[in-house]
J.: 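Before we start, here is the structure in question, set down as structure tokens.
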Amino acid sequence: MILRVRDLRVAFPAGTAVDGIGFDLDRGRTLGVVGESGSGKSVSSLAIMGLHREAAVSGSIVFDGEELVGAPASRLRELRGRRMAMVFQDPLSSLHPFYTVGEQIAEAYRLHLRASRRVARERAVEMLAEVGIPEPRRRAGEHPHRFSGGMRQRVMIAMALSCEPDLLIADEPTTALDVTVQAQILELIKRIQQDRGIAVMLITHDLGVVARVADEVLVMYGGRTVEHAPVREIFRAPRHPYTQGLLASAPRLTAGSAEGSPDPAAGGAAGPAAGGRLRAIPGSPPSLLAPPPGCRFHPRCARYAATPEDACVTEAPELREFRGPLEIHEIREIHTGRALRPVGPEGAPAGPVHRTACHLTGTLGGPR
Amino acid sequence: MTRYLLRRLAAVAGVLLVICAVTFAVFYVLPSDPAAHACGKTCTPEQVALVRTQMGLDRPVYEQFGGYVAGIFTGRTLGDGPAALECSVPCFGYSYQNALPVWDLLTDRLPVSVSLALGAAVLWLAGGLAVGLVAALRRGTTLDRSLMAATLASASAPVYFTAMMLLLVLVQRLEWLPYPDYRPISEGPAAWAGNLLLPWMTLASLYAAMYARLTRASMIETMAEPYIRTARAKGLYERTVVTKHGLRSALTPIVTIFGMDLGGLLAGAVITEHVFGLPGVGQLTYDAIFKADQPVVLGVTLLAAFFITLANLGVDLVYAVIDPRVRYA
């Protein structure tokens, strides 16, 4: 287990952005963290990197057996860039405009591995070649503005990987890129993850990205986890009304799956059929200053609107394993999904079980 | 880079020519009679007419302007007959007051203004950048607020007020410094610097305050850039993040302002020189304006324009070194 997060909370003077999330991440695995802007997904990743300067971080972040919450800043600095690295959303503004990409890649390598200028420079060229930049030796001497968006993100990835970290956090790495380039960058991240066996935490609001690279998915809403499951299950049998809403609002090219038949009273389905209308989730994300009581999603929840229950307003739902009755095809799919996943030492599934934080899931006799 | 430099130099020459034409137009063509000023108050109309012919003011404007510009590069003879004045290269004409060549007046005064400007610039850059940097890094603290309040006061105080206060406190009351009495650097750097200290402090207190505020704002903006977060994510030491990644970017707007400020001051700080009785270009300007000594005013204006365009050229070159994006533009 390279990363073990428990009850992570990040509080800013203006409010609490992350309110108790937890997950495990192994080497060689990819966790997709999904949510709207303001759901706390980036804030969580910055907390893991120790990059918050004005926020109070509490709970537990154990990185390779070492507790990071409360660790001295100097220790976090040593780990940053060396053992855990981060790729950001906008590769142009995230690269310093005044230094060549070679200099910027070599900088962390020189510092952390005490390499000479020449060795670090060679390393930079090597990294540029690895992330697929043609003529790496010449390009290393150029400044970021001479690169295209996709090439810049490759540079960012080369920079993040130069010291061979165990954990790579990619915060919306493809959001600022052209669609055609997005796929290339995702392929690159996937390839590097497989080649090096590193753990990847991929933050995105794009379910397509998650479907492409993640092993498991953590869905965040209002600073809390609402659903956490293997990637296949998120797409085949979403439990939380918010996850279902996300899927229904994402365009799909394929025809709707078997469970795609929408039941309006249940708050949307797992995705509209091709040619069907995309359904936006009504309302807007909750405010950090005054989050709604109880389940933070209830003001926007179609299922709550259909069958309101007091608990939704009074009590924050626990994240628990889903035990409601499943339909036969669901059971089959979940089982096949599990069978495809790597198996842990005791024969237990290495991935997480399917957990959801919703008072109404299960009580209705099914997710939809 | 060479091509860039040549292009920039050509632009400087063009700008100077335009400024020259405009200034010439203002002082020679607008309805005031240079001949009457040149001749003096006791002149009869006949004498004024004679002077007018001698100064070439009866010729077409473009010819006068051509003569003026040509004089700068080739020298010229003003008037003819026994009253003719030989004006050697570079000829900016003669002062109405004392019939000395404008060029000699300028070159006599220039070292004073340059000493004043450069010394003050060193002080205000050091002070302004340091204060601005500290305030930015301690943003929102009491230290930040007190520093910013102090700079606001200092930037708001008029130069003559600051100068008088410094004179009153440091010279009159505490007697730490002698009353400034300009000594050229050839008489020893200690005497030179000692006597310039008060004027330097006066100018620097004004500019340092503005630079501190500018540095603070620029630094705060830069430190919020995503590439600063990248630098931290790399695990760099905070001081590397602040200096190598932050300060370097934050300095670019300051370089621009500094070029213009220094350029303007090199051609004389009128009020400061006047208050401290420094015999610089500013003082010359002050006198020339009061005496309507047009050739001198014109010469001073051109000198100021020259320094400002030169300083801007310097800024552009420094920019090309600092910011690689400029080089390709």
Side-chain angles (χ1 to χ4, degrees), chain A residues 13 42 45-46 48-54 73-101 103-113 141-146 152 155-156 159-160 162-163 165 168-171 176, chain B residues 1 4 133-145 215 218-256 315-329:
Chain A
S42 294
S45 63
L46 292 174
I48 293 165
M49 291 289 288
L51 285 174
H52 283 302
R53 299 164 66 77
E54 274 153 35
S74 58
R75 178 60 186 152
L76 289 170
R77 188 200 59 72
E78 282 173 11
L79 291 174
R80 274 200 298 273
R82 173 72 190 88
R83 300 208 52 208
M84 49 190 188
M86 193 154 176
V87 173
F88 298 98
Q89 177 172 335
D90 180 0
L92 180 57
S93 59
S94 296
L95 288 165
H96 201 295
F98 295 176
Y99 296 99
T100 65
V101 301
E103 285 169 335
Q104 298 191 54
I105 297 171
E107 196 173 17
Y109 195 73
R110 284 191 67 193
L111 173 73
H112 291 299
L113 290 119
E142 292 184 359
H143 292 89
H145 69 277
R146 306 271 277 176
R152 284 175 197 145
V155 168
M156 283 298 290
M159 192 191 290
S162 64
C163 299
L168 175 69
I169 300 179
D171 188 355
Chain B
M1 199 64 190
Y4 176 74
L133 191 60
V134 168
L137 296 177
R138 299 274 175 276
R139 185 190 183 185
T141 61
T142 316
L143 178 65
D144 173 27
R145 275 190 266 265
T215 305
S218 178
M219 195 65 192
I220 285 174
E221 198 183 309
T222 306
M223 292 306 282
E225 289 284 347
Y227 57 76
I228 295 296
R229 190 181 52 188
T230 307
R232 290 204 176 105
K234 282 195 226 178
L236 301 183
Y237 289 103
E238 188 61 20
R239 63 167 183 277
T240 314
V241 175
V242 168
T243 54
K244 189 176 165 190
H245 291 256
L247 194 57
R248 173 150 179 205
S249 307
L251 281 182
T252 41
I254 294 162
V255 167
T256 312
V315 164
D316 287 344
L317 296 181
V318 172
Y319 246 59
V321 173
I322 297 181
D323 187 343
R325 288 169 297 187
V326 174
R327 269 172 254 163
Y328 304 103

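Convention: sequence-line order gives letters A, B, ...; per-chain numbering from 1. Basis for what follows: all heavy atoms, side chains included, without hydrogens, waters or symmetry-related copies.
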J.: Looking only at heavy atoms, which two atoms of R77(A) and G235(B) are closest? And how far apart?
T.: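 For R77(A) versus G235(B), the nearest heavy atoms are NH1-O, 2.7 Å.
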J.: What distance do Y227(B) atom OH and L92(A) atom CG have between them, rounded to the nearest 0.5 Å?
T.: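 Answer for the OH-CG pair, Y227(B) versus L92(A), is 10.5 Å.
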J.: Look at the aromatic rings of H96(A) and H245(B) and report parallel, tilted or perpendicular, splitting at 30° and 60°.
T.: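 If you compare the ring of H96(A) with that of H245(B), the planes turn out perpendicular.
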J.: Do Q104(A) and T230(B) come within less than 4.5 Å of each other through their side chains, counting heavy atoms only?
T.: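 A side-chain contact under 4.5 Å is absent here.
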J.: Which bit of L51(A) comes within less than 4.5 Å of chain B, counting heavy atoms only: side chain, backbone, both or neither?
T.: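 L51(A) touches chain B through side-chain heavy atoms alone.
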J.: Looking at F98(A), is R248(B) sitting on its ring face, NZ or CZ under 6.0 Å from the six-membered ring centre and within 45 degrees of the normal?
T.: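 So R248(B) doesn't make the cation-pi contact.
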J.: Does any backbone or side-chain atom of S249(B) lie under 4.5 Å from a heavy atom of chain A? Answer side chain, backbone, both or neither.
T.: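 Backbone plus side chain of S249(B), per the 4.5 Å heavy-atom cut-off to chain A.
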J.: Just checking heavy atoms, which of residues 133-142 of chain B are less than 4.5 Å from chain A?
T.: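 Answer by number: none.
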J.: I'd like to know if E238(B) and R53(A) make a salt bridge, using a cut-off of under 4.0 Å between side-chain N and carboxylate O.
T.: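 Salt bridge flag = yes for R53(A) with E238(B).
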J.: Give, for atom NZ of K234(B) and atom CG of L111(A), the distance between the pair rounded to the nearest 0.5 Å.
T.: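 Separation between the atoms: 10.0 Å.
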J.: Tell me, side chain or backbone of I322(B) under 4.5 Å from chain A's heavy atoms, or both, or neither?
T.: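 For I322(B), heavy atoms of backbone and side chain both lie under 4.5 Å from chain A.
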J.: Quick check: closest heavy atoms across P324(B) and P97(A), and the distance to 0.1 Å?
T.: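 Smallest interatomic distance, heavy atoms only, reads CG-O, 3.3 Å.
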J.: What part of L46(A) lies closer than 4.5 angstrom to a heavy atom of chain B: side chain, backbone, both or neither?
T.: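 Contact with chain B involves the side chain of L46(A) alone.
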